[in-house]
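A quick write-up on the structure given underneath.
Throughout, residue positions are numbered sequentially from 1 according to the sequence presented.
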Amino acid sequence: MKTKQCLVIVMTLLCLCVKAQNLRVTGVVRDKSDVIIGASVMVKNSTVGTVTDMDGRYSVEVPANGVLIFSYIGYTPVSYTHLRAHETP
């Protein structure tokens with residue numbers, strides 16, 4: 001069965017706050033046409049994660065060197081590692 005190419009794009013990292021070596025990462029998961037409701041957002045090699053809401057939004061606390069894995073049925077999972085690149089002062 002042919003797997004669809006991943007169209008998941010993290011559109012916005014709205015707020016990153018440093019708190020005891022962790023970052024609060026929030027954003028919206030969407031494909032080319034719309035938000036993705038119920039996408040899984042997990043911290044790699046942990047049990048920490050969340051699911052996007054009706055607006056495709058998520059919020060999760062991640063270690064400063066953490067990796068986020070975005071996945072959804074029918075899409076190829078995507079890893080995002082540059083969490084501190086969008087940090088706000």
Side-chain angles (χ1 to χ4, degrees):
M1 181 172 153
K2 183 177 177 183
T3 303
K4 294 179 186 177
Q5 279 190 345
C6 177
L7 298 177
V8 177
I9 300 172
V10 180
M11 294 302 295
T12 310
L13 292 176
L14 299 174
C15 175
L16 296 174
C17 301
V18 178
K19 182 168 100 178
Q21 300 280 335
N22 286 335
L23 303 171
R24 170 65 58 181
V25 178
T26 60
V28 177
V29 177
R30 56 174 62 238
D31 64 10
K32 287 184 178 180
S33 62
D34 206 358
V35 298
I36 297 180
I37 301 166
S40 174
V41 182
M42 297 293 297
V43 178
K44 187 174 183 178
N45 298 325
S46 80
T47 58
V48 176
T50 190
V51 176
T52 58
D53 66 11
M54 296 295 287
D55 297 318
R57 294 185 183 136
Y58 68 91
S59 179
V60 64
E61 195 157 320
V62 183
N65 62 347
V67 175
L68 286 177
I69 308 286
F70 298 87
S71 62
Y72 189 71
I73 297 171
Y75 290 79
T76 303
V78 172
S79 298
Y80 191 78
T81 58
H82 301 289
L83 302 177
R84 294 194 72 113
H86 304 283
E87 187 173 349
T88 57

Requested in this report: State yes or no: do Val41 and Tyr80 share one hydrophobic cluster built from I, L, V, M, F, W and Y residues joined by side-chain heavy-atom distances below 4.5 Å, directly or via other members?
Outcome: yes

Query raised in the report: Could you state the interatomic distance from CZ (Arg30) to CD1 (Ile36), rounded to the nearest 0.5 Å?
Result: 9.5 Å

Query raised in the report: Does the side chain of Tyr72 come under 3.5 Å of the side chain of Asp31 through a donor N or O and an acceptor N or O?
Result: no

Query raised in the report: If Ile, Leu, Val, Met, Phe, Trp and Tyr residues are connected whenever their side-chain heavy atoms lie under 4.5 Å apart, and connections chain through other members, are Leu68 and Tyr75 in the same group?
Result: yes

Report task. Write down the atom of Val60, the atom of Gly49, and the distance for their closest heavy-atom approach. Result -> CG2-CA, 4.2 Å

Report task. Determine the sole option in Val67, Thr50, Val62 for which the side chain to side chain contact (heavy atoms under 4.5 Å, CB included) test with Val43 is passed. Result -> Val62

Requested in this report: Indicate the atoms forming the closest heavy-atom contact of Val28 with Asp55, along with that distance.
Outcome: CG1-O, 3.9 Å

Requested in this report: Measure across Met54 and Val35 and return the closest heavy-atom pair with its distance rounded to 0.1 Å.
Outcome: O-CG2, 4.2 Å

**Report entry** Derivation and outcome, side-chain hydrogen bond (donor to acceptor under 3.5 Å, both in side chains), residues Arg57 and Thr26
**Finding:** CA-CA 7 Å; Arg57 294 185 183 136; Thr26 60; over 6 Å; no

Report summary line: Residues Ala39 and Val29: closest non-hydrogen pair is CB-CG1, 4.2 Å

**Report entry** Minimum-distance pair of heavy atoms, taken over all atoms of Pro77 and Ile69
**Finding:** CB-CG2, 4.2 Å

Query raised in the report: Distance from Thr52 atom OG1 to Ile37 atom CD1, nearest 0.5 Å?
Result: 7.5 Å

